[in-house]
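Quick notes on the structure that follows.
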Amino acid sequence: MQKELIKGNEAVIKGALMAGCSLYFGYPITPASEIAQAAAYYFPLLGGTFVQAESEVAAINMVYGASAAGKRVMTASSGPGLSLKQEGISYCAGAELPCVIADIMRAGPGLGNIWPEQGDYNQMVKGGGHGNYRNIVLAPNSAQEMCDLTMKAFELADIYRNPCIVITDAYIGQMMEPVEFPTTRKKVPYKEWALYGDEKSKKNLVTSILMNTHLEEEHNKKLQKKYQTIAENEVLYEALNTEDADIVLVGYGIISRILLNVMEILRKQDKKVGLIRPITLFPFPSDFISQAADSVKSFLVVELSNGQMIDDVKLAVNGRKDVHFYNRMGGAVPSVDEIVDVVKKFI
Amino acid sequence: MKAAVLEKPKAFYDKFERKGKTQQETTHYCPGCGHGNLHKIITEALSEFGVDDRSIIVSPVGCSVFAYYYFDTGNIQAAHGRAPAVATGLKRSNPESIVISYQGDGDLAAIGGDEILQAANRGENMTVIFVNNAIYGMTGGQMAPTTLVGQKTTTSPYGRKIENEGYPIRMSEIIATLEAPVYVERTALVDFKTINHTKRAIRKAIKNQIDKKGFSFVEVLAPCPTGWKITPVDSQKWIQQHMMPYFPVQAFKDVSDQRESMEIEQRDYSDQEVLDVLGLSQLGEKKQVPASFIENFPTQFMKIAGFGGQGVLSAGVVMAACAMNENLEVTWIPSYGPEMRGGTANCSVILSNSRIGSPLTTNPNVLIVMNGPSLDAFEDDVQPNGLIIVNTSIVDRRVKRDDVDVLYIPLTEIASGLGLTAAANMVCLGAYLEYTKLIDYKSLFEIVPLAIKKKHLVDTNLKAIKEGVKYIRENYSR
Ligand SMILES: Cc1ncc(C[n+]2csc(CCOP(=O)(O)OP(=O)(O)O)c2C)c(N)n1
Ligand code: SF4
């Protein structure tokens, strides 16, 4: 089939519908609003539900309810909205409810502005809400991946009964690119633990409270084991020219696209530059970066934040090689030439 | 408290196994607490209507967080105050389920004030049971929004003061002012009379949901002897003497007889229907293009800029869609947000034969300027030997640089000549393709009919493209 030229944000909704998602609960915020708008347009036409919630807090709790009811459900927001959702995400993680949450990052802290940033890395990848939990976090860098990884997010969320985040920046959300969509809609699996409001499922209980330190500890251990399984099985990354590289650039989202140009320009100048783009932020491609650290001389992490993903790179490199850092914040995005100059300082 | 002890209905577990290994016959509530009796009243109604199997109870945060110990129904526990939102998610997912949001006064009237109002206002087809005991029981007897003036709690040790915390909130009265709710009533748990009143109200609130009438709300004044630090018997008197005068026990709204039942159609959609709705079935097959065309295509880094309303964003979209149709890689990215509201807009478009990295065209090799400020803003960024197309109808100066190729075209005038000023952008695309010959300008004809929403304007836009081609042939033939 021919491709459709479509905004990343809209591709999220078409992908979600093809993944069998039938409910969307959200609250408008730039630069994620096209997601809610597309959901408001398409969901009712396919017998689905769109509710503009009174707040992000309400939205994530509606998601909690719909997920408990066995449906595929999603919400989307940006920085401030994600901050508000954190309690609800923690509840979803605690009660092991699958759901998909898109975060189209904007500049912060506070109201910040609507330009692209990557300052939500810590709050989405490391937890963000209370308690010992992890989200699965997917980081698309194209409109095609906005569709594909949203669909994947629904699969992973169901397999692991875990919140799954699709995280990107305002640019990837606003950008239009050709997208090839699947032609069959995914079937939503029957969930033995869900509350369908019928005799078979009435024995089920969805909760995250365990009033006994022993049970709570067991539950926590079970969750940690699950995160371990995810870490062992679900890592995704893209690596280019790392085999012979002296310096490897590391970035995700819009930055990874800029770094691709940087690498190409420097390769033309016979500089041995490679690129690693984590596609899953949790689980992080630590093993691959660790292996790469055996042969490369140094890494350059580029982020639109104060340096959040770099911690994960450093943990993987474990002090064996230099991990340099370059960043912009507040909505400014570095140009290709700007980063080329930075890389040249390190080779 | 003898009067308040009730039979165990079917939807009430005989043994509370979820409670733990011991004390499976008694509830976890304090003696004289209202929650246990209320649970029984609810289960009685569910059993009476035979809907236990379809029912889902949403437990709040509060003493009734463990309501799921007792209800032989589906059970879910919600975050503090969010039960109506969780109930919304459940009910919208499975409209045939019977969803009961059970909440205390801290949960519903304080932290969850918005969720309850909005669920009520949406007219969610659910039943809310609001347990008003004028205190936070679970956390140790702190003040609630319903705590009475002068009432001493652990966080109002000198008694609730109007100057500091205002008056107790009357939720039923507030909810009853909303248009959507069908039924709002306040009852109490004191004696036979009030208990029977409560039973009737809860039965009605559940029946309304079964009949798909919409949102029903029952507020129950309930004792919390522990929080109030008095005996169960005195608690009943306290409700009568102190709570009932301020919180009148009565119906505030009941339009259940006037409301139609809301049936929700549910069916499966075929893949074809889904693709049709998503606009994916009309995309057709991929076009065949010569390999040499792709191989030799020089990457176009385009910046298109002008006033809002000049169609600069849509010109970019049409150009990108046209190139995509020729199997090229493309990206389109707008300037957006406050900048657009200021009246100027621009977009970056990249057309390439290979994978595109950054979609931003910091240094375009094609600059299209529809107005003066855009030329001022971007002229210097253009790559040497790049192309600048200037809309001379509006831009009143020449390009200063001498290392670029420039096309001066009265885009707006040409479009006005066709009776559609807004088609200046299409004149421009026609001119751009005819001049560069990168893609046959006729390829635009395949895209424009799909891209333009106002179908009656398609023809004029196609003419505009041809006018652009004509202008180049007459003025810039190479
Ligand atoms: C976000 C959050 N804030 C505070 C609490 C602590 N908390 C637990 S129960 C409760 C009060 C509940 O009071 P109420 O709703 O009146 O119910 P009751 O215990 O009286 O039945 C509070 C504040 C919490 N669990 N979550
Ligand atoms: S503290 Fe009050 S509300 Fe809580 S169980 Fe005891 S009596 Fe009931």
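By convention in this document, chain letters (A, B, ...) are assigned in the order of the sequence lines, proteins followed by strands, and residues within each chain are numbered from 1.
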Which atoms of A:Ser55 come close to chain B, meaning under 4.5 Å heavy atom to heavy atom: side chain ones, backbone ones, both, or neither? side chain
Do A:Ser33 and A:Ile104 touch side chain to side chain, with heavy atoms closer than 4.5 Å? no
With a 4.5 angstrom heavy-atom cut-off, could you sort out which part of A:Leu23 is near chain B: side chain, backbone, both or neither? side chain
Check whether A:Lys71 gets within reach of chain B through its side chain, its backbone, both or neither, counting any heavy atom under 4.5 Å. side chain
May I ask you to test the B:Gln118-A:Gln52 pair for a side-chain heavy-atom distance under 4.5 Å? no
Are side-chain heavy atoms of B:Glu273 and B:Arg267 found at a separation under 4.5 Å? yes
Would one find more than 12 heavy atoms of other residues, nucleotides or ligands at under 6.0 Å from atom CD of A:Glu199? no
Options B:Val65, B:Asp72, B:Leu117, ranked by heavy-atom pairs under 4.5 Å with chain A, top entry: B:Asp72
Can A:Glu145 and A:Arg257 be counted as an ion pair, charged N to O under 4.0 angstrom? no
With a 6.0 Å cut-off (strictly less than), is the heavy-atom count around CE of B:Met262, excluding the residue itself, greater than 12? yes
Which members of residues 322-330 of chain B, sorted by number, sit under 4.5 angstrom from chain A on a heavy-atom basis? B:Met324, B:Asn325, B:Val330
Can you say whether A:Lys7 sits under 4.5 Å from chain B via the side chain, the backbone, both, or neither, judging by heavy atoms? side chain
Nearest heavy-atom pair of B:Ser352 and B:Thr299: which atoms, and what distance? OG-OG1, 3.4 Å
So which of B:Gly357, B:Ala451, B:Pro359 has the largest heavy-atom pair count under 4.5 angstrom toward chain A? B:Gly357
Can you confirm whether the side chains of A:Ser201 and A:Asp198 place a donor and an acceptor under 3.5 Å from each other? yes
Closer than 4.0 angstrom, basic N to acidic O: yes or no for B:Arg122 and B:Glu124? yes
Proximal component of B:Ile356, with respect to chain A [non-hydrogen, under 4.5 Å]: both
Just give me the residue among B:Glu96, B:His80, B:Arg18, B:Gln272 that pairs up with chain A most often, heavy atom to heavy atom, under 4.5 Å. B:Arg18
Heavy-atom contact with chain B under 4.5 Å, split by part of A:Leu17: side chain
Top contributor to chain B contacts, counting heavy-atom pairs under 4.5 Å, from A:Thr184, A:Asn212, A:Thr49, A:Val262: A:Thr184
Is the OH atom of A:Tyr27 crowded by more than 12 outside heavy atoms at less than 6.0 Å? no
Heavy-atom closest contact (B:Gly81 atom, B:Glu115 atom, distance): O-CB, 3.7 Å
Which one, B:Ile98, B:Asp268, B:Val317, B:Thr362, leads in non-hydrogen pairs under 4.5 Å with chain A? B:Val317
Quick check for you: among A:Leu260, A:Asn113, A:Leu205, which has the greatest number of heavy-atom pairs under 4.5 Å with chain B? A:Leu205
Any donor and acceptor pair, going by atom type alone, linking the side chain of B:Ser358 with main-chain N or O of B:Leu360 inside 3.5 Å? yes
Residue selection (most heavy-atom pairs with chain B, distance under 4.5 Å) from A:Val336, A:Val51, A:Asn261: A:Asn261
When B:Thr88, B:Val61, B:Val58, B:Val277 are compared by non-hydrogen pairs under 4.5 Å with chain A, the top option: B:Val277
